[in-house]
Amino acid sequence: MKNTKVCSEMDWKEIDISGQPPAEELSRQYFYIAKCRHWVKDFEGKNGRLPTACVVNYGCQMNARDSEKLAGILESAGFLLTEEENSDFVIFNTCTVRDNANQRVYGRLGVLNGYKRRNPAMKIALCGCMMQEPSAVEKIRKSYGFVDLIFGTHNIYKFAELLSLCLESDRLVLDVWKDTDKIVEDLPVERKYPFKSGINIMFGCNNFCSYCIVPYVRGRERSRKPEDILREIEGLAAEGVVEVMLLGQNVNSYGKNLEEPISFAELLRRVEKIQGIKRIRFMTSHPKDLSDELIQVMKESSKICRHLHLPLQSGSTRILQAMNRRYTKEQYLELAGKIRREIPDMAITTDIIVGFPGETPEDVEDTIDVIRRVGFDNAFTFIYSPRTGTPAASMTPVPEKQVRECFDRVLQTVQETAKERVSAYQGQVMEALAEEINEHDASLLTGRLSNNTLVHFPGDPSLVGSLVKVSLEECRGFYYLGHMV
Ligand code: 5AD
Ligand code: SF4
């Protein structure tokens, strides 16, 4: 990984690690980074090489951003970052939104155990949403005793301190908090891409959809101050970032609880003014909070991308009510219609859950009806997964056979509408941000259109990070093949 905004300019010798750690949080964490650097030097002296570290991310964009923060601290501490899990320090940033995310972690832990047998000095750490679940931590302590460090989502800003403790200790370091109201700014970050970046604008969620574990593991909604967000984006622009993705579980309620309230639409207006930023994305919008002001700002903006992720979850008003989503089928249709009328080229994508307790094939017909009428550009379709502690977990499950059949029907409808929407651009010339060299063919670059569709085209690797004009020649379902013009 490159593009580290590590503290390379910092004079680490100025931090006296022989004394007590400072009380002020940011200085305290830098104190612990300095302590880790000392440990790394020691390791290098003994082993003739730097210790390696690997950050493995599971789950959503918010987690991906958190993982960049973990990587930034490891890099600042002097570790050599690698993608190889068989390293001296490995950390899994876990997700728990559906049970299969948990199962994947247990599976990988088995593999890590094998590595640790061959390298007993290896340190294994777990953090993120799954660690906020007492039952998961209990299971890990019982059956995966080789894990060295466990912490949760609320104290991730203390990673340097916990890392330092873990490096110095032979016993499990465990620190999981129930909640926090704290937001710590300005810790080091290691960005995955030099030209685009996620920015947290808020943390947590207050919606309590009845199937969702997020409000329990990420805590109550907290918005960052607009001036902190804008300062961070200005800094990113100065480093060459052209595209930003504003991140929150429910960005439409951004700023409501700040001392000086501000709307999400107003925040976007201010981000738009930042020089050097050419594209603005955001994620995720809750339909119940999407304002006319926001539609207006998107319409007038030349930087906000033509892509809106608007989770539907279900098209049945009865199920939506049981999900505690606080909108009806008709309200969703009306909102999507309004967006399409005001901004016809806006791609709308969604999330759909199939198999929520009590769902009948007729309810699924309603979901399919909404998919057809809105014509989603893409949709993530999930099978309902009961999460302990959520209201829906104690409701009667839908028979598995019915879930499978309904899931296949939903998926097929999504594919049909998506193909129709995406292929409508065939033959047009559009602007793409060249993001990387194509995984399968190094003569091609992979670019992303404003509407989030990918296009593969011949191009020089030096163009990665630039906005280029591409003709969309051949639609292959969800993506295009094309040429630069
Ligand atoms: N089961 C299945 N899907 C879920 N999601 C959230 N919780 C669950 C669950 N318990 C889906 C929703 C959400 C997306 C991030 O994950 O569709 O929008
Ligand atoms: Fe979960 Fe609903 Fe909050 Fe999204 S809005 S994180 S689905 S509770």
Side-chain angles (χ1 to χ4, degrees), residues 57-66 94-104 128-130 132-133 135-136 153 200-223 245 247-254 256-257 264 282-290 308-316 319-327 332 348-359 363-364 367 370-371 376 378-398 400 403-404 406-407 410-411 414:
N57 187 62
Y58 293 86
C60 65
Q61 312 262 8
M62 303 277 279
N63 259 27
R65 182 63 178 160
D66 283 347
T94 63
C95 167
T96 187
V97 78
R98 284 169 293 276
D99 188 55
N100 54 7
N102 295 40
Q103 296 313 322
R104 217 166 334 135
C129 294
M130 187 176 153
Q132 292 296 141
E133 284 186 280
S135 58
T153 55
N200 299 108
I201 63 165
M202 61 200 300
F203 303 93
C205 180
N206 285 353
N207 286 319
F208 290 96
C209 300
S210 64
Y211 52 81
C212 187
I213 201 162
V214 168
Y216 304 89
V217 297
R218 286 264 173 192
R220 293 296 64 71
E221 213 169 272
R222 284 150 288 145
S223 294
M245 161 95 83
L247 298 170
Q249 300 295 347
N250 178 13
V251 291
N252 300 121
S253 67
Y254 169 78
K256 288 188 179 150
N257 298 326
F264 178 55
F282 53 85
M283 177 121 25
T284 289
S285 289
H286 194 305
K288 78 173 167 61
D289 296 318
L290 200 145
L308 187 66
H309 188 65
L310 194 64
L312 167 68
Q313 312 302 2
S314 168
S316 153
I319 294 297
L320 285 169
Q321 197 171 13
M323 287 177 161
N324 191 30
R325 291 290 290 176
R326 287 172 275 176
Y327 53 85
Y332 188 96
I348 304 180
T349 61
T350 202
D351 291 341
I352 292 165
I353 298 176
V354 177
F356 182 84
E359 187 179 65
D363 291 315
V364 177
T367 302
V370 177
I371 300 171
F376 290 112
N378 202 350
F380 298 102
T381 311
F382 306 109
I383 288 179
Y384 168 71
S385 167
R387 310 310 294 130
T388 312
T390 61
S394 52
M395 300 177 190
T396 316
V398 176
E400 210 172 300
V403 176
R404 274 271 142 227
C406 290
F407 182 84
V410 168
L411 197 64
V414 164

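For clarity, every value in this text was computed on a predicted model and none was experimentally measured. These numbers come from the heavy atoms of this one structure, side chains and all, not from hydrogens, waters or symmetry mates. For ligands, and for the atoms within them, numbers begin at 1 and follow the listed sequence.
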Inset, instruction - Classify the contact between P311 and ligand 2 as side chain, backbone, both or neither, using a heavy-atom distance cut-off of under 4.0 Å. - result: neither
Legend entry - Check: F208 ring centre within less than 6.0 Å of Y216 ring centre: yes
Inset, instruction - Would you sort out whether C209 and R325 count as a side chain to side chain contact (heavy atoms under 4.5 Å, CB included), showing the intermediate values? - result: CA-CA 6 Å; C209 300; R325 291 290 290 176; 3.3 Å; yes
Inset, instruction - Please write down residue, atom name and distance for the protein heavy atom closest to atom 1 (Fe) of ligand 2. - result: C212 SG, 2.2 Å
Inset, instruction - Indicate whether the side chain of E359 and that of Y384 have a donor and an acceptor atom separated by less than 3.5 Å. - result: no
Inset, instruction - Output yes when the distance from some N or O of ligand 1 to some N or O of R387 is under 3.5 Å, and no in every other case. - result: no
Inset, instruction - Could you tell me whether F382 approaches ligand 1 through its side chain, its backbone, both or neither, with non-hydrogen atoms closer than 4.0 Å? - result: side chain
Inset, instruction - Report yes or no: does C209 have an N/O/S atom closer than 2.8 Å to atom 3 (Fe) of ligand 2? - result: no
Legend entry - Options D99, D351, V214, ranked by nearest heavy atom to atom 13 (C) of ligand 1, top entry: D351
Inset, instruction - Distance to 0.1 Å, residue and atom name: give those for the protein heavy atom nearest to atom 7 (S) of ligand 2. - result: Y211 OH, 3.3 Å
Inset, instruction - Answer yes if the side chains of S210 and N324 hold a donor-acceptor pair under 3.5 Å, and no otherwise. - result: no
Legend entry - Closest heavy-atom pair and its distance - G128, T153: C-CG2, 3.6 Å
Legend entry - Heavy-atom neighbours of F380 CZ exceed 12 at 6.0 Å: no
Inset, instruction - Take atom CD of Q103 as the centre, draw a 6.0 Å sphere, and report whether it contains more than 12 heavy atoms from other residues, nucleotides or ligands. - result: yes
Legend entry - Option among T94, V97, N57 that satisfies the side-chain contact (heavy atoms from CB on, under 4.5 Å) test with N63: N57
Legend entry - Neighbour count >12 (heavy atoms, 6.0 Å) for atom CZ, R220: yes
Legend entry - Numbering as shown, the atoms of ligand 1 that approach S385 to under 4.0 Å (heavy-atom distance): 1 (N), 2 (C), 9 (C), 10 (N)
Legend entry - N207 neighbourhood, listing ligand 2 atoms whose heavy-atom distance to it stays under 4.0 Å: 5 (S)
Inset, instruction - Look at ligand 1 and say whether I383 reaches it with a heavy atom at a distance under 4.0 Å. - result: yes
Legend entry - Ring-face cation of R104 near Y58 (centre distance under 6.0 Å, axis angle within 45°): no
Inset, instruction - Number the atoms of ligand 2 from 1 as they appear, then name those within less than 4.0 Å of a heavy atom of P215, with their elements. - result: 8 (S)
Inset, instruction - With heavy atoms of Q249 as the reference, note each atom of ligand 2 found under 4.0 Å away. - result: 6 (S)
Legend entry - For C205, the ligand 2 atoms whose distance to one of its heavy atoms is below 4.0 Å: 3 (Fe), 5 (S), 6 (S), 8 (S)
Inset, instruction - Specify side chain, backbone, both or neither for V214, according to which of its non-hydrogen atoms lie closer than 4.0 Å to ligand 2. - result: side chain
Legend entry - Sub-4.0 Å atoms of ligand 2 with respect to non-hydrogen atoms of H286: 5 (S)
Inset, instruction - Report yes if some heavy atom in the side chain of S385 is under 4.5 Å from a heavy atom in the side chain of N100; otherwise report no. - result: no
Legend entry - Per-atom contacts of ligand 1 with Q313, taking only distances under 4.0 Å to non-hydrogen atoms: 12 (C), 13 (C), 17 (O), 18 (O)
Legend entry - Nearest neighbour in protein (non-hydrogen) for atom 16 (O) of ligand 1: R98 NH1, 2.8 Å
Inset, instruction - Just jot down the ligand 1 atoms closer than 4.0 angstrom to any heavy atom of V97, in number order. - result: 6 (C), 7 (N), 8 (C), 9 (C), 10 (N)
Inset, instruction - Determine, using heavy atoms of R218 and all atoms of ligand 2, whether some pair is separated by less than 4.0 Å. - result: no
Legend entry - Closest protein heavy atom to atom 7 (N) of ligand 1, given as residue, atom name and distance to 0.1 Å: Y211 CD1, 3.4 Å
Inset, instruction - Using distance alone, determine whether Y384 and ligand 1 share an N or O pair under 3.5 Å. - result: no
Legend entry - Residue I353 vicinity, atoms of ligand 1 by number, heavy atom under 4.0 Å: 3 (N), 4 (C), 5 (N), 12 (C), 17 (O)
Inset, instruction - Using a strict 4.0 Å threshold on nitrogen-to-oxygen distance, state whether D66 and R218 make a salt bridge. - result: yes
Inset, instruction - Output, in order, the C-alpha distance, side-chain angles, deciding distance and verdict of side chain to side chain contact (heavy atoms under 4.5 Å, CB included) for S253 and M202. - result: CA-CA 9 Å; S253 67; M202 61 200 300; 3.8 Å; yes
